[in-house]
**Student:** 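So that we are looking at the same thing, I have put the structure below in structure tokens.
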Amino acid sequence: MPELPEVEALTAFLSERLTGRVIARVQPVAISALKTYDPPVTALEGRTVGPVTRHGKFLDIEAGGLHLVVHLARAGWLRWKDSLPAEPPRPSPKNPLALRLRLEGEAGDGFDLTEAGTKKGLAVYVVKDPAEVPGVARLGPDPLDPDFTLDAFAALLRADRRRIKGVLRDQTVLAGVGNAYSDEVLHAARMSPYKLASGLDEEETARLYEALGGTLREAVECSHGLAAGELKAEKKLGLRVHGRTGLPCPVCGDTVREVSFADSSLQYCPTCQTGGKPLADRRMSRLLK
Ligand SMILES: [Zn+2]
């Protein structure tokens, strides 16, 4: 799933290509992706694109007072096309195309929003104010916002008795960090994902704050200037523990381990993060019995 750094890079990529251009056509293909009906998507047609911004993992394309807000979810992606096919896209269960946006001009450039797989989560909203999107309205502070200080971070953690892994990826606590970067941030902070947020002392809080900003800024820098199509590969290259179960930790060489849950998993390095002890994994221990 694209997280803050990828969506940030996508925002920059689209700013260069969309701002100042006129939207010619918006064609929803997977109707389930469209979460609003008033104003209709066609209301975007003929409007000039203004700023392209980001709210957490949401992409926000402003056009003449309206906002096209997109959440890519797990398997959604945006594909830029210098020349879109002229014939209208046909909806079909096998077609990953969710929505097509074409700009005015002879080239017929624009983008396709696509979603692979059967679990459909990609969401598109057309609103007058991005805060009308429930997921945007609920977002916590953005970790790259200059106003997001160590004190602000400490205040968020102090009140939270959940495990730190879950807190970091909760969008209502912090905007933009998901399963991948929460693994990376905890690895950079040399901290167990099972630690309780409210139990962190001052030094640990400061270490985690540094790791959070550092990891995200580094990832944004790495993906900056990349074309939309290259962002996913770049994300994978930069990851140290996430999605690397069984591979050596690039810091200490220990084997990266995994804990599985019903709908997700986390990865960590025992030597770097848990004093060399593997974390309890109920599913794994059941399998080993
Ligand atoms: Zn390690």
Side-chain angles (χ1 to χ4, degrees), residues 1-6 8-9 57 74 143-144 148 150 153-154 156-157 160-170 173-174 176-224 226 230-288:
M1 173 197 276
E3 298 181 25
L4 184 154
E6 292 79 42
E8 177 80 21
K57 303 181 210 168
R74 273 200 185 187
L144 293 187
F148 185 68
L150 173 58
F153 184 52
L156 288 180
L157 299 185
D160 208 313
R161 299 169 62 86
R162 292 175 294 165
R163 283 171 174 170
I164 190 66
K165 165 75 182 175
V167 172
L168 289 177
R169 58 179 293 200
D170 181 343
V173 176
L174 278 181
V177 179
N179 198 27
Y181 285 101
S182 53
D183 279 353
E184 294 300 305
V185 167
L186 288 166
H187 180 255
R190 307 177 68 86
M191 191 173 287
S192 166
Y194 282 8
K195 257 191 180 290
L196 297 185
S198 56
L200 297 189
D201 65 24
E202 219 171 292
E203 187 275 326
E204 289 167 324
T205 304
R207 184 146 45 94
L208 188 59
Y209 177 77
E210 284 303 312
L212 177 64
T215 303
L216 294 175
R217 271 189 290 272
E218 192 183 309
V220 168
E221 234 158 76
C222 284
S223 22
H224 214 82
L226 287 181
E230 295 162 5
L231 285 167
K232 276 194 201 168
E234 174 58 38
K235 176 181 177 183
K236 279 203 172 141
L237 282 180
L239 300 176
R240 295 186 174 98
V241 285
H242 184 77
R244 301 189 74 247
T245 307
L247 294 170
C249 164
V251 172
C252 72
D254 191 3
T255 304
V256 173
R257 287 186 172 250
E258 171 175 303
V259 182
S260 300
F261 305 96
D263 61 346
S264 72
S265 61
L266 67 83
Q267 282 89 37
Y268 67 101
C269 167
T271 297
C272 289
Q273 295 174 255
T274 57
K277 276 185 243 136
L279 293 170
D281 181 344
R282 297 212 337 254
R283 193 194 65 151
M284 279 306 289
S285 17
R286 207 166 51 232
L287 289 174
L288 293 173

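Whatever order the structure lists ligands and atoms in, that order sets their numbers, starting from 1. Below, all heavy atoms of this structure are taken into account, side chains as well, without hydrogens, waters or symmetry copies.
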**Student:** Strictly under 2.8 Å of the Zn ion (ligand 1): which protein N/O/S atoms qualify?
**Tutor:**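 Near the Zn ion (ligand 1), the protein supplies Cys249 SG, Cys252 SG, Cys269 SG, Cys272 SG.
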
**Student:** What heavy-atom pair brings Pro143 and Leu216 nearest, and what distance separates the two atoms?
**Tutor:**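 Closest approach of Pro143 to Leu216, heavy atoms only: CG-CD1, 3.6 Å.
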
**Student:** Is a side-chain donor-acceptor pair under 3.5 Å present for Gln267 with Ser265?
**Tutor:** yes

**Student:** Hey, could you give me the CG/CZ distance between Leu168 and Arg162, rounded to the nearest 0.5 Å?
**Tutor:** 10.0 Å

**Student:** Taking all atoms of both residues into account, what is the closest heavy-atom pair of Asn179 and Glu3, and its distance?
**Tutor:** N-OE2, 3.3 Å

**Student:** Using the test side chain to side chain contact (heavy atoms under 4.5 Å, CB included), find all partners of Thr271 that sit at least two apart in sequence or belong to another chain.
**Tutor:** Cys252, Asp254, Cys269

**Student:** Would you call Glu204 and Lys195 a salt bridge, taking side-chain N to carboxylate O under 4.0 Å as the test?
**Tutor:** yes

